[in-house]
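Residue numbering restarts at 1 for every chain, and letters A, B, ... go by the order of the sequence lines. Here the structure is a predicted model, which is why all the values come from computation and not from measurement.
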2 protein chains.
Amino acid sequence: MAKKKFTYEYERPAVTTDCVVFGLDEDDLKILLIQRDIKPYEGQWALPGGFIKMGESVDDCAKRELHEETGLNNIYLEQLYTFGSPNRDPREQVITIAYFALVNLIDHRPQAATDARNAAWFAQDELPSLAFDHKEILAKAKQRLKGKLKYEPIGFELLPKKFTLTQMQHLYEIILETKIDKRNFRKKLLKLDILIETNEVEQDVARRAAKLYKFDQKKYNKLTKQGINFEI
Amino acid sequence: MAKKKFTYEYERPAVTTDCVVFGLDEDDLKILLIQRDIKPYEGQWALPGGFIKMGESVDDCAKRELHEETGLNNIYLEQLYTFGSPNRDPREQVITIAYFALVNLIDHRPQAATDARNAAWFAQDELPSLAFDHKEILAKAKQRLKGKLKYEPIGFELLPKKFTLTQMQHLYEIILETKIDKRNFRKKLLKLDILIETNEVEQDVARRAAKLYKFDQKKYNKLTKQGINFEI
DNA sequence: AAATCATAGTGTTTATTTTACACTTTAATC
DNA sequence: GATTAAAGTGTAAAATAAACACTATGATTT
C-alpha cells in the first residue's frame, strides 16, 4: 500500500461522484455500467464514478470520471442527489454526489472504457446486481428522469441530431411507461415551436419515410427564460 | 491548534451541511441566519451548518447542526443541492450539502441559538451580506421552494396546525410573488380534499373570524401515492 | 341601537386545454 | 399491381382554468 500522506485534525469521509448514464436504444432505455476491477465488489457492475481530486469542482469530477471510465464527453450531465449513509461503502464512510447523464446511443455507440475496465449498456430488464447502494441511486435517477421529461423537453439529449416525431414519441412512451396518442402528442410538441422541420426524411425504411426534425436551441432558450410549460 | 490526528493516502475535501430555513411571518417569508463567531467571515451572517461527523449520515448531520445552532427540531427538511466549487471556502476545499427546511414561526418563535451564537430571522429585503457562497445557496433554495409549492402542498409546513384559507393563500402569494384569485384558490385547494374543517374560528380579530382548517396527513399520503397533481 | 368597518365566504359564465378517436397517404416490397 | 407498414392529419366532447363582484358576519365606533 502506498504511504499515507495527508493528515487532518478531524476524521473526514471520502468523497466520490457517481453517474447514472441513460442512453436510448431502438426501443429500450439503457444504462451504462462498468465492471469493477478492484475490491470491494470486485467483478460486480457499478455506476461509473470515482474519488474527487483536490482543486476540481464536484461537477468537474463527475465529468472527468465519466470520461475516464466510459470515453463519454460533452453530454448532458446534471447533479442528481448526494448519498451519505455511513455504511454505504464497506471500507469506510464515503459520500457520493450522484449525477445523471443523457446520451444518444446512435451518435455515441457503446464504447470500451479507455482505462481497460469493462463497460456495457444494460436494458432495464437485464440489469445485473449492482455494487454499493447503486441500485438506490439508479432508482432515484429514473424517478428524476421521468419527472424532468414531463416539464422540460430533455428528450433531445437522447435522440440523434435529426429525428422523427415518432422517435420522440417512443422515447416518451418508454421513459414514462405509458401509451401516448399520436395526434395529441404531435400537436403539443409542435405547438411548443422548438422544432425545425428539415427537408430530409428517414433513409432505408421499407415504408413511407418520416420527416426529420431538428431541435431549435435558440427558440428553446427564449422559451425557458419565460418559464417553460410542457406537460405531456 | 489541536494536534492533527487523521491521515489518508489521498488529500480529502472537508464536508459540511448547510441549511436554508424558511419561516413565514405575518406577511413575510423569512430566513434564519446565524452570526459567525470564528474565522473566516467572523461576525458575518451565514446559513446554519457545520462539519459532518464520522458515523453520521448526511441527513443526520443537517438535522444535528440545525438543532445545535438554532434549537430547531423535527421540522420539514429536505436535501437541496451539493455545492463543490474548489474555492468556495478560503481555507481549503469544502464541499457542502445544502438542505432546505420549513418551519412555522407561530409555533417556533424566533429562538436564541443554544450554543450562544447569534441567530436571527431576516426578511427578503433586509438580508445582510452572507458568508461563503451562501447567497447562491439561498437563491437555489428559493427557486426550489417556488417550484415545489406549485406541485406539492408543502405550505402546511409553514403554517400553524390550524390555519385559515386566507393564511394559506397569502403564503402562496408571498412565495410565488403573485396575486391569486380568492375563489379560484379556495376551489382548487378544497377540491384536493386534504383539509379538515374544524369547528373553530380565528380568535381576537376585529372582524368576522375565519374558519380554521387542519391538514389531513392520511388523505394526503394516499394522494401522493397515486401521484399528486396540484398546480396553483 | 344603529352605523361602520374589515374581511369571510360564495357561483356562474367564458375561455382554454385536454382527451378521445379513425381514416387517407405514401413509398417500399412482394 | 397488390400488399404492407407506418406517416400524417382534424374535430367534437369533456374537463379545467380564468375572470369576475356581491352578500354575510361579527366586532367596533358613534
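- Put simply, chain A comes within 4.0 Å of DNA chain D, heavy atom to any atom, from dA5(D) to dT11(D), going 5' to 3'.
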Exercise for the section: Indicate for each nucleotide in nucleotides 20-30 of chain C, in 5' to 3' sequence, whether protein heavy atoms under 4.0 Å reach the base (B), only the sugar-phosphate (S), or nothing (-). Expected result: BBB--BBBSS-
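- Between the CG atom in Leu24(A) and the CD1 atom in Ile174(A) there is a gap of 5.0 Å [rounded to 0.5 Å].
- Taking 4.0 Å as the cut-off between side-chain N and carboxylate O, Glu68(A) and Arg64(A) count as a salt-bridged pair.
- Atom-to-atom distance recorded for Leu171(A):CG and Leu29(A):CG is 8.0 Å, nearest 0.5 angstrom.
- The CD atom of Glu202(B) sits 12 Å away from the C1' atom of dA6(C) (whole-angstrom rounding).
- End-to-end axis angle for the helix from dA1(C)-dT30(D) to dC30(C)-dG1(D), using five pairs per end and rounding to 10°, comes out at 0°.
- Of the charged side-chain nitrogens involved, at least one lies within less than 4.0 Å of a carboxylate oxygen, so that Glu177(A) and Lys146(A) count as a salt-bridged pair.
- For Arg144(B) and Glu78(B), the salt-bridge test passes: some basic side-chain N is under 4.0 Å from an acidic carboxylate O.
- One atom, CZ of Phe185(B), and another, P of dG9(C), lie 13 Å apart when rounded to the nearest Å.
- Between Phe156(B) and Phe163(B), a ring centre-to-centre spacing shorter than 6.0 Å is recorded.
- Within the model, atoms CD1 of Ile34(B) and CG of Leu47(B) stand 8.5 Å from one another, a figure rounded to the nearest 0.5 Å.
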